[in-house]
2 protein chains.
Amino acid sequence: MQNRVLLIEDDDELRELLARYLVNQGFSVREAANGRDGLVLALGQDCDIVVLDIMLPDINGLDVLRELRGRTHLPVILLTARGDETDRIVGFEVGADDYIPKPCNPRELVARLQALLRRIAWDQKTEVADGRAYGDLAVEPGQRRIYQNGVPLELTGTEYEVLQVLLAHAGSVVRKTDLMQWALGRRLEAYDRTLDMHISNLRKKLGNDHPPRIETVRGLGYSYRIPAP
Amino acid sequence: MQNRVLLIEDDDELRELLARYLVNQGFSVREAANGRDGLVLALGQDCDIVVLDIMLPDINGLDVLRELRGRTHLPVILLTARGDETDRIVGFEVGADDYIPKPCNPRELVARLQALLRRIAWDQKTEVADGRAYGDLAVEPGQRRIYQNGVPLELTGTEYEVLQVLLAHAGSVVRKTDLMQWALGRRLEAYDRTLDMHISNLRKKLGNDHPPRIETVRGLGYSYRIPAP
DNA sequence: AGGGCTACGTAAAGGTTGGGTAAAGACAAA
DNA sequence: TTTGTCTTTACCCAACCTTTACGTAGCCCT
């Protein structure tokens, strides 16, 4: 299956160079030397991905992109003058997927084209929900839920994060500073007892077993006890 | 709601600089200082996108990427030494979605993160399951109608879109930002309560059951509860 | 053993935020 | 203009995270 690239670039020499290279790499290529032609081709549904120069004789490349985004979500890679940061940032904001500074390395262009096409191909496949089980607990990341013997635990968002991190490291100690960073997303400061509270609440919701599922390692952190096999 | 970035970078100073910047830009950030911790976090489904340094103290960044690609399609942006073309090309081949040369401009990192997340949001919009039934609801995409026990619901256009997206993902959580993008076709901005209103109206039209068919997942989004079989 | 220090457990209070929804406004089509 | 629809505004509440306060358990030292 050949991927169809639309090349919108007014510099004939560069355009033909790139086109030849892309064809050699197994793409099928459409060419347009100005914005108007480019738009017509792009909207004509016969390409998979667009390479768009910002500097065009008629319509500005960014306007082409805006027009395109109003109607489709065709992936677009911008060609910009090297170092022109404004164009790049604006380009992303308008909805470009990527940019390459000119003069561009054809190999890099191909690499980026393929990365983008691969991303799209993957995303169009349905993801498998890979829940993992730890004893009587089962994590369902898609639902952001953790089930205990099939019954969903009524966890808050933060409690879910904390338990999920502990489970991922079941059997080994997670240091408090790491748990804080990974589950709460911030640094552990002195006298911050927040984490202790979440652990306390979690233990309650898991049913205060003895010995506790979540073990305290004094001076270090916490550890989820490996469930009996 | 917030997009969760995982930052795998061993240089503490750079990592904290980027982390702070990303937090300011509205991302939630998890940090890992080495490949092993990074892998665990990435596989723990705790993030939406990964920023990965190639030079790491333990595992090589490219090996982290390979390992990751073996199990998920999590979007990855590589941090590479400037000018090291080999790493870049290999990175793309292994499955990176993008790369940024170091030392990197935080604004550009944000722009690229957002471009990639936007692309993914679009691509993951699953199409209507034709005529599928969900409990007492039946979707008729041709008519843009949804029937409840054979009786058509009096839905507005937007309400139809919202409900149909929720049904297509029945049982798992749809983030507000995705729901907005998929059903309303625009980005979710701060203080925009439009979506909440449509949900509220939908619940009313579906008959305010208990527990509600459309569950709220605080801080994240909504989920249509899987009907009893 | 006992004192003193520190880390942890947890109830309760405090404060912030996200979400529900009524009602008003904006807008477009008929 | 009227009507149907989407959006904004405003207010309120409940869920939740964090802090505070006090009690307890572990650990080291003499």
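On a predicted model such as this, the values are computed, not experimentally measured, just so you know.
Spacing between atom CD of A:Glu189 and atom C1' of D:dT20 amounts to 18 Å, rounded to whole angstrom units. At whole-Å resolution of the value, NZ in B:Lys176 and C1' in C:dG18 are 7 Å apart. Between the CG atom of A:Asp196 and the P atom of C:dA12 there is a distance of 18 Å, given to the nearest Å. Spacing between atom CG of B:Asp192 and atom C1' of C:dG25 amounts to 15 Å, rounded to whole angstrom units. Between A:Glu215 atom CD and D:dA25 atom P the separation is 18 Å, expressed in whole Å. Remark: P of C:dG20 and CG of B:Leu202 are 12 Å apart, rounded to the nearest angstrom. Distance B:Leu195 CG to D:dT8 C1': 14 Å, rounded to the nearest Å. Distance CG (B:Asn201) to P (C:dA22): 9 Å, rounded to an integer number of Å.
Of the candidate nucleotides C:dG9, C:dA11, C:dG19, C:dG9 has the atom lying nearest to any side-chain atom of A:Arg203. Looking at the side chain of B:Arg193, the nearest of the listed nucleotides C:dT10, C:dG20, C:dA23 is C:dG20.
Checking A:Arg213 against A:Ser223 by side-chain atom types alone, no donor-acceptor pair falls below 3.5 Å. A donor atom on one side chain and an acceptor atom on the other are found under 3.5 Å apart for A:Tyr147 and A:Gln143. Under the 3.5 Å distance criterion, with hydrogens and angles disregarded, no donor-acceptor pair is assigned to the side chains of B:Tyr160 and B:Arg145.
Between B:Tyr191 and C:dT17 there is no side-chain N or O to OP1 or OP2 distance below 4.0 Å.
When each of B:Lys204 and B:Val217 is assigned the nucleotide of DNA chain C with its nearest heavy atom, B:Val217 is the one assigned upstream, toward the 5' end. When each of A:Asn208 and A:Arg218 is assigned the nucleotide of DNA chain C bearing its nearest heavy atom, the one mapping closer to the 5' terminus is A:Arg218.
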Between B:Ile100 and B:Thr80, is a side chain to side chain contact (heavy atoms under 4.5 Å, CB included) present by the stated rule, with each step listed?
CA-CA 6 Å; B:Ile100 303 191; B:Thr80 76; over 6 Å; no
With 3.5 Å as the limit, what N/O pairs link the protein to nucleotides 3-6 of chain D?
residue : atom : partner  : partner atom : Å
D:dC6   : OP1  : B:Thr156 : OG1          : 3.4
D:dC6   : OP1  : B:Thr158 : N            : 2.9
D:dC6   : OP1  : B:Thr158 : OG1          : 2.6
D:dC6   : OP2  : B:Thr156 : OG1          : 2.5

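Ion pair B:Asp196/B:Lys176 flagged as a salt bridge, since at least one NZ, NE, NH1 or NH2 atom sits closer than 4.0 Å to an Asp/Glu carboxylate oxygen. A salt bridge is defined here as a Lys NZ or Arg NE, NH1 or NH2 lying under 4.0 Å from an Asp or Glu carboxylate O, and A:Asp97 with B:Arg118 fails to meet this definition. Remark: A:Arg30 does not engage A:Asp48 in a salt bridge, criterion side-chain N to carboxylate O under 4.0 Å.
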